[in-house]
Student: 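One structure, as structure tokens, below. Some questions next.
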Amino acid sequence: TVASVVIIYGSTRNDWLEGALAGIAAAMALIPEEFPVILTLFMAIGAWRMSQVRVIARRPSAIESLGSISVLCVDKTGTITQNKMSIIEVQIDSERINLSAHEIPKPARKLIEIGALACPSSIFDPMDQAFRELSERNPELPNPELNRAESLREYPVESARMAYIHIWKLNESIKVAAKGAPETIARLCRLTEEQLRKLTEEVHSAANSGYRVLAIAEASLASDALIPAKIDDLKLNYMGLAFLQDPLRDGVIESIHNCATAGIRTIMITGDHPNTAIAIAKEIGLPNPERCVTGPEIESSTNEELRALIPHISVFARVVPEHKLRIVRALQSEGEIVGMTGDGVNDAPAL
């Protein structure tokens, strides 16, 4: 009987490996006590097959749940995009400067220099790498004095202050370098209403093209100056904007189309500027991309209001990890089975 199964299966389907497995399964099925062995064998084969497409599941029930999802929440940077940043342009005052040439134009050099200083001592983030690589690309950068600078203190990005600030000790002064979300840098620089309006227009214009926009600021202090206990109390000098490009991953548009065909709704959740998120949402074909909900809107919404809002929204921007978790829980409370993808530590609570 077993030999017949192998011969018939292998000859009719032209797959002798599958025929052999079917024969083994038939042989083992003749002995009822061997059912656990059969289940173990085929689950092991299934796990091996999934590993070939880079899927590892800690619990088998996770695969069943994954096959039942109705909503897929995805982070943007590193998931939809490649997370390979490159600085395309900078804006200083009202002048946009293209950086496609090998040599960095002279008006942009100081801004790039300060942007490279506003990075952690150990660089791993692609945005920081983009500034460091660009500063090292030009023989006149970095400034020799800055090469000998000593790191005094670092202020990492926080949900309440979306900017990285690094303080350096130079020969005869202290240099403060900051880069981050334009609205955060504007607050640290104490920009006037007119300056803020102009900055907002510039940011929106760049974000509409899908760029990731960072603002750069600096401050110089006397060598014996006291650093404020709260860095937010230190007034910085606004320098300009940097526009970074992060290309889409291959196959993203097709994957989202396949999800839609399978009845799975895709929602993009990102910490980027709303206009950047909307531009990417349009490019990848998300439904209703013009409507975007931001982190502050989520913060001011009750759970009931958020549940009522979520069915109509495909794009969330300027969110923090707590907001991502609230979005997932709101979807679950509406009876949705939710999948979450992301490659950053800020995705961990929602994951």
Side-chain angles (χ1 to χ4, degrees), residues 85-120 123 125-138 140-143 145-146 149 155 157 161-168 170 173 175-221 231-232 234-246 271-276 279 318:
M85 301 284 184
S86 56
I87 303 172
I88 304 299
E89 291 181 285
V90 296
Q91 179 149 345
I92 301 172
D93 296 325
S94 298
E95 182 184 5
R96 286 181 68 155
I97 304 171
N98 188 285
L99 301 181
S100 58
H102 180 75
E103 184 175 349
I104 300 173
K106 193 170 182 180
R109 290 175 186 172
K110 185 175 181 182
L111 184 141
I112 296 300
E113 188 176 77
I114 296 301
L117 285 176
C119 296
I123 290 180
D125 187 276
M127 286 190 297
D128 297 327
Q129 291 172 351
F131 277 94
R132 181 62 59 85
E133 290 170 4
L134 191 58
S135 70
E136 293 175 349
R137 195 176 79 188
N138 195 290
E140 295 187 31
L141 293 176
N143 187 313
E145 184 184 14
L146 297 178
Y155 297 85
V157 177
R161 186 190 63 246
M162 298 181 72
Y164 200 97
I165 303 172
H166 203 149
I167 300 179
W168 299 85
L170 305 183
S173 64
K175 176 68 71 176
V176 181
K179 74 173 185 298
E183 56 268 31
T184 300
I185 296 297
R187 174 168 55 82
L188 294 173
C189 294
R190 317 287 199 274
L191 296 187
T192 64
E193 288 189 11
E194 177 59 26
Q195 290 173 322
L196 184 58
R197 182 194 62 78
K198 183 180 177 183
L199 173 64
T200 302
E201 290 177 354
E202 293 168 348
V203 170
H204 285 181
S205 173
N208 285 336
S209 301
Y211 289 140
R212 189 163 192 172
V213 185
L214 292 179
I216 314 296
E218 57 91 27
S220 296
L221 307 175
I231 193 62
D232 292 31
L234 181 65
K235 183 179 182 299
L236 302 179
N237 300 314
Y238 175 75
M239 296 185 67
L241 300 171
F243 306 140
L244 295 92
Q245 190 175 57
D246 187 7
D272 276 359
H273 189 278
N275 287 34
T276 303
R318 281 290 187 250

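Values in this document were obtained by computation on a predicted structure and should not be read as measured data. Only heavy atoms go into these numbers, but all of them, side chains included; no hydrogens, no water, no symmetry mates.
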Student: For S220, check side chain to side chain contact (heavy atoms under 4.5 Å, CB included) against everything at least two apart and list the hits.
Tutor: K175, E218
Student: Using the salt bridge (Lys or Arg N to Asp or Glu O under 4.0 Å) criterion, which residues pair with E194? Sequence neighbours excluded.
Tutor: R197
Student: Are side-chain heavy atoms of L117 and H166 found at a separation under 4.5 Å?
Tutor: no
Student: Could you tell me whether the side chain of C119 reaches within less than 4.5 Å of the side chain of M127, counting heavy atoms only?
Tutor: no
Student: Which residues pass the side chain to side chain donor-acceptor pair (under 3.5 Å) test with R132, not counting sequence neighbours?
Tutor: none
Student: Distance from R161 atom CZ to Y155 atom OH, nearest 0.5 Å?
Tutor: 8.0 Å
Student: Are I185 and L199 packed together at the side-chain level, in the sense that at least one heavy-atom pair is separated by less than 4.5 angstrom?
Tutor: no
Student: Only counting residues at least two apart or in another chain, list the ones meeting side chain to side chain donor-acceptor pair (under 3.5 Å) with D125.
Tutor: none
Student: Listing request: all ring pair (Phe, Tyr, Trp, His ring centres under 6.0 Å) pairs with a residue in residues 182-204, at least two apart in sequence or in separate chains.
Tutor: H204-H273
Student: With heavy-atom distances below 4.5 Å as the criterion, would you say the side chains of L234 and L221 are in contact?
Tutor: yes
Student: Which heavy-atom pair separates C189 from A217 by the least distance, and what is that distance?
Tutor: SG-CB, 3.6 Å
Student: What is the minimum heavy-atom distance between A116 and S135, and which atoms define it?
Tutor: CB-OG, 3.7 Å
Student: Below 3.5 Å, can you tabulate the donor-acceptor pairs from side chains in residues 235-242 to any protein atom, sequence neighbours excluded?
Tutor:
none

Student: Side chains of I97 and L111, heavy atoms from C-beta outward: is any pair under 4.5 Å?
Tutor: no
Student: Salt bridge (Lys or Arg N to Asp or Glu O under 4.0 Å) with E183: which residues, sequence neighbours excluded?
Tutor: R318
Student: Tell me every residue that passes side chain to side chain donor-acceptor pair (under 3.5 Å) with Q195, counting only those two or more places apart in sequence or in another chain.
Tutor: T192
Student: Can you confirm whether R96 sits close enough to E202 that some side-chain heavy atom of one is under 4.5 Å from a side-chain heavy atom of the other?
Tutor: no
Student: Output all residues satisfying salt bridge (Lys or Arg N to Asp or Glu O under 4.0 Å) with D272, sequence neighbours left out; order by chain, then residue number.
Tutor: K76, R212
Student: What pair of heavy atoms forms the shortest contact from P105 to L99, and how long is it?
Tutor: CD-CD2, 3.7 Å
Student: Flag yes if more than 12 heavy atoms outside E201 fall under 6.0 Å of its CD atom; otherwise flag no.
Tutor: yes
Student: Do you know the tightest heavy-atom contact between I92 and P107?
Tutor: CD1-O, 3.0 Å
Student: S209: what forms a side chain to side chain donor-acceptor pair (under 3.5 Å) with it, not counting sequence neighbours?
Tutor: none
Student: Nearest 0.5 angstrom please: L214 CG to Y164 OH, how far?
Tutor: 14.0 Å
Student: Counting distance only, does the side-chain N/O of T200 pair as donor-acceptor with the main-chain N or O of L196 below 3.5 Å?
Tutor: yes
Student: Might you work through the side-chain contact (heavy atoms from CB on, under 4.5 Å) test for I231 and I167, ending with a clear yes or no?
Tutor: CA-CA 10 Å; I231 193 62; I167 300 179; 4.0 Å; yes
Student: Give, for atom CH2 of W168 and atom CD1 of I114, the distance between the pair rounded to the nearest 0.5 Å.
Tutor: 11.0 Å
Student: Tell me the closest heavy-atom pair linking A279 and N208, and the distance in Å.
Tutor: CB-O, 3.6 Å
Student: List for me each residue that meets side chain to side chain contact (heavy atoms under 4.5 Å, CB included) alongside Q245, sequence neighbours excluded, and say none if there are none.
Tutor: S86, I88, Y211
Student: If we only count heavy atoms from C-beta on, is the K198 to L191 side-chain gap below 4.5 Å?
Tutor: no
Student: Do you know which two heavy atoms are closest between R190 and L188, and how far apart they sit?
Tutor: NH1-O, 3.1 Å
